[in-house]
2 protein chains.
Amino acid sequence: MAQYSADLDGLFVALADPTRRDVIRRLGRGPTTVGDLAREFPMTLPSFMKHVRTLESNGLIRTAKSGRVRTCVLSRERLALVDDWLAEQRRIWEARTDRLESFVTDQREKNDES
Amino acid sequence: MAQYSADLDGLFVALADPTRRDVIRRLGRGPTTVGDLAREFPMTLPSFMKHVRTLESNGLIRTAKSGRVRTCVLSRERLALVDDWLAEQRRIWEARTDRLESFVTDQREKNDES
DNA sequence: GAAATAGTTAGCCCTTGCGCTAAGTGTTTT
DNA sequence: AAAACACTTAGCGCAAGGGCTAACTATTTC
């Protein structure tokens, strides 16, 4: 659970940058080379590489170098963690609205008794 | 779309902190007072208030002061934006795997011809 | 009305994040 | 072998984030 939370920290931080979200979207269409990716963003290659590293160290993408070219692939499983967190919040919320409903119901029953 | 992206920036940043995620979880069970919330976290009140403000300015919670007490309420609609983004990624991914499948199918057809 | 309560504001420290340039490494190309 | 290519490393500058203390304001409470 502690690890789960630390993972979410990293994931959300990684997703908080528009460049990184764009990379994820781009990689959704298929593997791409660092150079090809970088060309689409208005920043230097070293700056761009930091984003790639951030995505990789948070498990959102995988990369491999062959020759002098590094290729990036989307690693989808990781986004499922975010999904899980959202689902959990929904669950909590719904449990609460259920309680609220039964509260309302209880009140109505009390009124019916009188 | 530009606004959508800026909103996502703020949302993901807001969600990237464990304290703030805990507050969201807590508020899922119902509205709570700043003081009551703060008591559960190992930090001073001014520090905690910053988190509350961050959540509020990103629309994840709403707060109102009555007398000297400020009460926080979860504002669920906002999380839907995150859901939307995730759904979009899934959509892109699935469109791609569809293309991959038809590619495989095409290859098979070519082989069948021979 | 004095004291306790619940936030709020201001400002400081330190670390981290994101951009940059300059220079270096290993791999093709010519 | 030289030149071009595709990163990579190192280090710098600046703004923002998350924590703190100290001091202040506006309600209650006694």
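So that the names make sense, note that chain A is the first sequence line, chain B the second, and so on, each numbered from 1.
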Problem - Listed once per pair and sorted, the salt bridge (charged side-chain N to carboxylate O under 4.0 Å, His left out) pairs that draw on residues 41-51 of chain B, sequence neighbours left out - result: none
Fill in the blank from the handout: In short, salt bridge (charged side-chain N to carboxylate O under 4.0 Å, His left out) pairs touching residues 6-24 of chain A with sequence neighbours left out are A:D7-A:R78, A:D9-B:R21, A:R21-B:D9, A:D22-A:R25
Heavy-atom side-chain contact between [X] and [Y] under 4.5 Å:
| X | Y | answer |
| --- | --- | --- |
| A:R70 | A:T33 | no |
| B:L81 | B:Y4 | yes |
| B:L15 | B:L79 | yes |

Rounded to the nearest 0.5 Å, what separation is found between the [atom1] atom of [X] and the [atom2] atom of [Y]?
| X | Y | atom1 | atom2 | answer |
| --- | --- | --- | --- | --- |
| A:Q3 | A:L8 | CD | CG | 10.0 Å |
| B:I24 | B:S75 | CD1 | OG | 10.0 Å |
| B:T71 | B:L37 | OG1 | CG | 9.5 Å |
| B:I61 | B:R26 | CD1 | CZ | 13.0 Å |
| B:L55 | B:R62 | CG | CZ | 13.0 Å |
| B:L45 | B:M49 | CG | CE | 7.5 Å |

Completion exercise
The side chain to side chain contact (heavy atoms under 4.5 Å, CB included) partners of B:R90 (sequence neighbours excluded) come to A:R76, A:D83, B:L86, B:A87, B:E94
Fill in the blank from the handout: If each end axis of the helix from C:dG1-D:dC30 to C:dT30-D:dA1 is fitted on five C1' pair positions, the angle between them, to 10 degrees, is 20°
Exercise for the section: Determine, for nucleotides 14-19 of chain D in 5'-to-3' order, which nucleotides have protein heavy atoms under 4.0 Å from the base (write B), from only the sugar-phosphate (write S), or from neither (write -). Expected result: ----BB
Practice task
Can you tell me which residue pairs pass the ring-ring contact (aromatic ring centres under 6.0 Å, His included) test with a partner in residues 18-45 of chain B, sequence neighbours excluded?
Solution key: B:F41-B:F48
Strictly under 3.5 Å: I want the nitrogen or oxygen pairs between protein and nucleotides 26-30 of chain D, one per line.
| from | atom 1 | to | atom 2 | distance (Å) |
| --- | --- | --- | --- | --- |
| D:dT27 | O2 | B:R68 | NH1 | 2.9 |

Handout entry: Partner residues of B:R91 under the salt bridge (charged side-chain N to carboxylate O under 4.0 Å, His left out) criterion, sequence neighbours left out
Key = none
Handout entry: For B:R53, side chain to side chain donor-acceptor pair (under 3.5 Å) partners two or more places apart
Key = B:E56
Practice task
Say whether, by atom type as modelled, one donor and one acceptor occur between the side chain of A:D36 and the main chain of A:T32 under 3.5 angstrom.
Solution key: no
Close N/O contacts between protein and nucleotides 23-25 of chain D (under 3.5 Å):
none

Practice task
Give me the residues of residues 27-41 of chain A where at least one heavy atom lies under 4.0 Å from an atom of DNA chain D, by number, or none.
Solution key: A:T33, A:V34, A:G35
Practice task
Say whether B:Q89 and B:W93, considering side chains only, have a donor N or O and an acceptor N or O under 3.5 Å apart.
Solution key: no
Handout entry: Boundaries of the chain A footprint along DNA chain C (any atom under 4.0 Å from a heavy atom)
Key = C:dC18 to C:dT28
